[in-house]
Each structure stands twice: as structure tokens, then as C-alpha cells.
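The structure under discussion appears below in the form of C-alpha cells.
Atom set for the values below is all heavy atoms of this structure, side chains included, hydrogens, waters and symmetry mates excluded. One is the number of the first residue; the rest follow in order along the sequence.
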Amino acid sequence: MNPELNDYEFIVTIVHEMAHHEVWKDSMNILLKRHRKIAPHGISWKNHYSRLMQPLLVPAVFPEDILSVLIRYFLNPKASSKTEARLVKILKKYDPPDGYEFLETLPYDSLF
């Protein structure tokens, strides 16, 4: 796993990878029966990812600000959480300072 992930991003990522393992197990059964391949981020993966994440979507695991964004995200999770701008921004709040800023936080006419 990526050592630069904060604790909350790590949870989202490890459960993402665990969902891939579940899809792989499913695909072994399907391949043996029907010779069909399952998409790595298809419906099966989305279902497994949401199911595995469901017990973790509680205030004891995630702060409320992350939790509200995650609940919405898991209505239809994407192949990469990095493509969900609201999730990226809220998770970044919990990173150690790195000097990076989002473009919309820069003053108008800033040079970068």
C-alpha cells in the first residue's frame, strides 16, 4: 500500500482492494462454469466494495465530514476515489501539510 495515505484514505483503498479479491473469487467460479470474464470495476466490484465498506461507514471510524461524502460516494463508487473531487478534497484535510493547494483556493491572478 502507499505509505503516504492518511488513515482514512488507507481504509478506502484497502477495502477497494479487498473488493477486487472478492470479484476475483467470484470470477474463478464463473470462469469454470461459463468461460466469462468479469469487469474489474464493474457491477460485481461496486456491489462488493459497497458491501464491505458499509459496516465502516460510522462515526466511530470516520469523522462526520468524511462520512457524509463517503455515504454519497458509495451510492455508485468509481474505479478510483481520486476521480471524486469532493472525496479527494475532504480526505486531503487529514493529510500532513505538504505545500499543495487546490486551484480554487488560490487568489485570482496568482502565479503558479
Checklist outcome for this item: Residue set satisfying salt bridge (Lys or Arg N to Asp or Glu O under 4.0 Å) with Glu104, at least two apart, ordered chain then number -> Lys89
Checklist entry - Closest approach of Lys78 and Thr83, non-hydrogen atoms and distance? => result CB-OG1, 3.6 Å
Item to check | Residues in ring-ring contact (aromatic ring centres under 6.0 Å, His included) contact with His21, at least two apart in sequence or another chain | outcome: Trp24
Next on the checklist: If the condition is side-chain hydrogen bond (donor to acceptor under 3.5 Å, both in side chains), which residues does Ser110 pass it with, not counting sequence neighbours?
Outcome noted: none
Item to check | Any residue meeting side-chain contact (heavy atoms from CB on, under 4.5 Å) with Ile43, in chain and number order, not counting sequence neighbours | outcome: Asn47
Checklist entry - Within the side chain of Asn6, is there an N or O that forms a donor-acceptor pair under 3.5 Å with the backbone of Pro96? => result no
Next on the checklist: Using the salt bridge (Lys or Arg N to Asp or Glu O under 4.0 Å) criterion, which residues pair with Glu84? Sequence neighbours excluded.
Outcome noted: none
Item to check | Listed partners of Pro59 passing side-chain contact (heavy atoms from CB on, under 4.5 Å), at least two apart | outcome: Glu64, Leu67
Item to check | Partners meeting salt bridge (Lys or Arg N to Asp or Glu O under 4.0 Å) with Asp98 (sequence neighbours left out) | outcome: Lys92
Checklist entry - Got a sec, which residues hit ring-ring contact (aromatic ring centres under 6.0 Å, His included) with Phe62, two or more places apart in sequence or on another chain? => result Tyr8
Item to check | Side chains of His20 and His41 in contact at under 4.5 Å (non-hydrogen atoms) | outcome: yes
Checklist entry - Does any pair with a residue in residues 65-74 pass side-chain hydrogen bond (donor to acceptor under 3.5 Å, both in side chains), and if so which ones, sequence neighbours excluded? => result Asp65-Lys93, Asp65-Tyr94
Checklist outcome for this item: Between Trp45 and Ala79, the two heavy atoms sitting closest are CH2-CA, 4.1 Å
Checklist entry - So how far is it from Asp7 CG to Asp95 CG, rounded to the nearest 0.5 Å? => result 10.5 Å
Please output the side-chain donor-acceptor pairs of residues 48-55 that fall under 3.5 Å, not counting sequence neighbours, one pair per line with the distance.
from  : atom 1 : to    : atom 2 : distance (Å)
His48 : ND1    : Arg51 : NH2    : 3.0
His48 : NE2    : Asp26 : OD2    : 2.6
Tyr49 : OH     : Val12 : O      : 3.0
Ser50 : OG     : Lys46 : O      : 3.1
Ser50 : OG     : Phe74 : O      : 3.3

Next on the checklist: Does any part of the side chain of Val61, heavy atoms only, come nearer than 4.5 Å to the side chain of Val58, both counted from C-beta?
Outcome noted: yes
Next on the checklist: Quick check for you: to the nearest 0.5 Å, what is the distance between Leu87 atom CG and Leu70 atom CG?
Outcome noted: 5.5 Å
Checklist entry - Just how far is it from atom NE2 of His16 to atom OG of Ser80, taken to the nearest 0.5 Å? => result 7.5 Å
